[in-house]
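Since the structure comes first, as C-alpha cells, the remarks are kept for the end.
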Amino acid sequence: MLMGVTAADIVTVASGGLVGFILALIGGGGSVLAVPLLVYVVGVRSPHVAIGTSAIAVAISALANMLSHWAAGNVRWACALVFSAAGIGGAFAGSTVAKQIDGQQLLVLFGLLMIVIGVLMSRGRSGGGDPTIRLTRATAKTMLPKLIGTGFGVGVLAGFFGIGGGFLIVPGLILATGMPLTSAIGSSLVAVFAFGASTAASYALSGLIDWWLAGLFIGGGLAGGLIGIGAGRLIGTHDKALRAVFSAVVVIVGLYVCTRGVMHFLS
C-alpha cells in the first residue's frame, strides 16, 4: 500500500481503463467485459455488486461519449427519448428479477450473453438508412409502437445483466426508425445512459453498489477512453480487424465465465 492506495485499487483503475479503451477504439460492446473484470480480476465476491457497480460506470461512460455525438449532430432526440423512456421501465423490471436470482446462476447466463454478443459483433454493422428520418406526427403512428416495444425489450436485458446494451440498442433503433448507423450510434448513447442509470439506481436502493470501486473504475475508463480515441486515429482502416479480434475475446471470456459457473455448481 502506498499513501492509502492498494493493489486492488490499481487493478480496478486498470480494468476500467481497459473497458474505456475498447469502447473508444471500436465502439459498443466493450462494457460487457466490466462484470467479468470486476469479478475475476478485481475480486468482487458478489456478482450482484459487480453488476450494480458496472452499471453506474457504464452510465457515466455513455454520458461522456453522448456529449461528443450530440455536438456532432448525431443524436435524434425524439426517437432516443421515447426509446429510453420505454427502456427505463424494462431496466427496472430486469434488475428487479436479476436480484432474486442466485449470483452464480446469473454469471452463467451472463457468460451465455457474452457469447451471443461476440458472435453478433463479428458480423459488423451495415450503413445506409434515411438521414432525414424524424419522429413527427406523421411518422408517429408507425414509429412509436416499434420504439416503445423495442426499447422496453432491450431495457429488460440491460437491467437484468447490468450492461449498457448498445449492441442491441443500435440495431433496435435502426429497425424501429430506419435512421442511418451514425445517428443510431449517437442516439443509442442516450438509452445506454438511461438504462445504466436506472439499473444502478435499482441496485443502489438494495445496497449493491461499491461506490469506491465505481469511482476508480470510472476514472480508469475516462483515461482509457482518451487513449483509445488517440489509438483509433492512428489505426484508422484496421478497425474491422480489431473488431474481429475483440469479438473473439468476448466469446472466449463468455465461455470461461460459463465454465466457472458450471464448475461451481458441480463442486
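Below, each value reflects all heavy atoms present in this structure, side chains not excepted, and no hydrogens, waters or symmetry copies.
- At least one donor-acceptor pair under 3.5 Å links the side chain of Ser54 to the backbone N or O of Ile51.
- Leu38 contributes atom CG, which lies 11.0 Å from atom CG of Leu33 (distance to the nearest 0.5 angstrom).
- No side-chain donor-acceptor contact under 3.5 Å links Ser188 to the backbone of Val170.
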If you apply the rule side chain to side chain contact (heavy atoms under 4.5 Å, CB included), what do you find for Leu135 with Thr177, and how did you get there?
CA-CA 8 Å; Leu135 178 59; Thr177 67; over 6 Å; no
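- Interatomic distance, Ile218 CD1 to Ile60 CD1, rounded to the nearest 0.5 Å: 5.0 Å.
- Hydrophobic cluster membership is shared by Val58 and Tyr40, with clusters built from Ile, Leu, Val, Met, Phe, Trp and Tyr side chains linked at under 4.5 angstrom.
- Cluster annotation: Val35 and Phe195 are assigned to the same hydrophobic cluster (Ile/Leu/Val/Met/Phe/Trp/Tyr, side-chain heavy-atom contacts under 4.5 Å, transitive).
- With Ser84 contributing its side chain and Leu81 its backbone, the two residues share no donor-acceptor pair below 3.5 Å.
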Determine whether Leu189 and Trp70 satisfy the following criterion, side chain to side chain contact (heavy atoms under 4.5 Å, CB included), listing intermediate values before the conclusion.
CA-CA 10 Å; Leu189 292 170; Trp70 184 11; over 6 Å; no
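- Between Ile10 and Leu216, every side-chain heavy-atom pair lies at or beyond the 4.5 Å cut-off.
- No chain of hydrophobic side-chain contacts below 4.5 Å, direct or via other Ile, Leu, Val, Met, Phe, Trp or Tyr residues, connects Leu106 to Val156.
- Side-chain atoms of Asp9 and Thr12 include no donor-acceptor pair closer than 3.5 Å.
- We find the CD1-CZ distance between Ile115 and Phe110 to be 11.5 Å, quoted to the nearest 0.5 Å.
- Across every non-hydrogen atom of Val108 and Gly261, the tightest pair is CG2-CA, 3.6 Å.
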Applying side chain to side chain contact (heavy atoms under 4.5 Å, CB included) to Met143 and Cys79, what does each step give before you reach the verdict?
CA-CA 9 Å; Met143 198 179 292; Cys79 295; 3.9 Å; yes
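- Taking hydrophobic clusters as Ile, Leu, Val, Met, Phe, Trp and Tyr residues chained together by side-chain heavy-atom distances below 4.5 Å, Leu113 shares a cluster with Val97.
- Two different hydrophobic clusters hold Ile88 and Ile209 under the rule that ILVMFWY side chains link at heavy-atom gaps under 4.5 Å.
- In this structure, Met66 CE and Ser61 OG are separated by 11.5 Å, a value rounded to the nearest 0.5 Å.
- Phe160 has its side chain within reach of Leu109: a pair of non-hydrogen atoms, C-beta onward, lies under 4.5 Å apart.
- A donor-acceptor pair is defined here as one N or O able to donate and one able to accept, closer than 3.5 Å; such a pair exists between the side chain of Thr150 and the backbone of Lys146.
- The CD1 atom of Ile227 sits 11.5 Å away from atom CG of Leu222, with the distance rounded to the nearest 0.5 Å.
- Put simply, the side chain of Thr53 does not reach to within 4.5 Å of the side chain of Val44, judged on heavy atoms.
- Although no hydrogens or angles enter the test, the distance criterion places no donor-acceptor pair under 3.5 Å between the side chain of Ser202 and the main chain of Thr199.
- Looking only at distances, no side-chain donor or acceptor of His48 sits under 3.5 Å from a matching main-chain atom of Tyr203.
- By the 4.5 Å heavy-atom criterion applied to side chains, Val82 and Leu144 are counted as neighbours.
- Distance CZ/Phe217 to CG/Asp210: 12.0 Å, rounded to 0.5 Å.
- In this structure a side-chain-to-backbone donor-acceptor pair under 3.5 Å is missing from Lys99 to Ser206.
- Between the side chains of Ser183 and Arg76, at least one donor N or O sits under 3.5 Å from an acceptor N or O.
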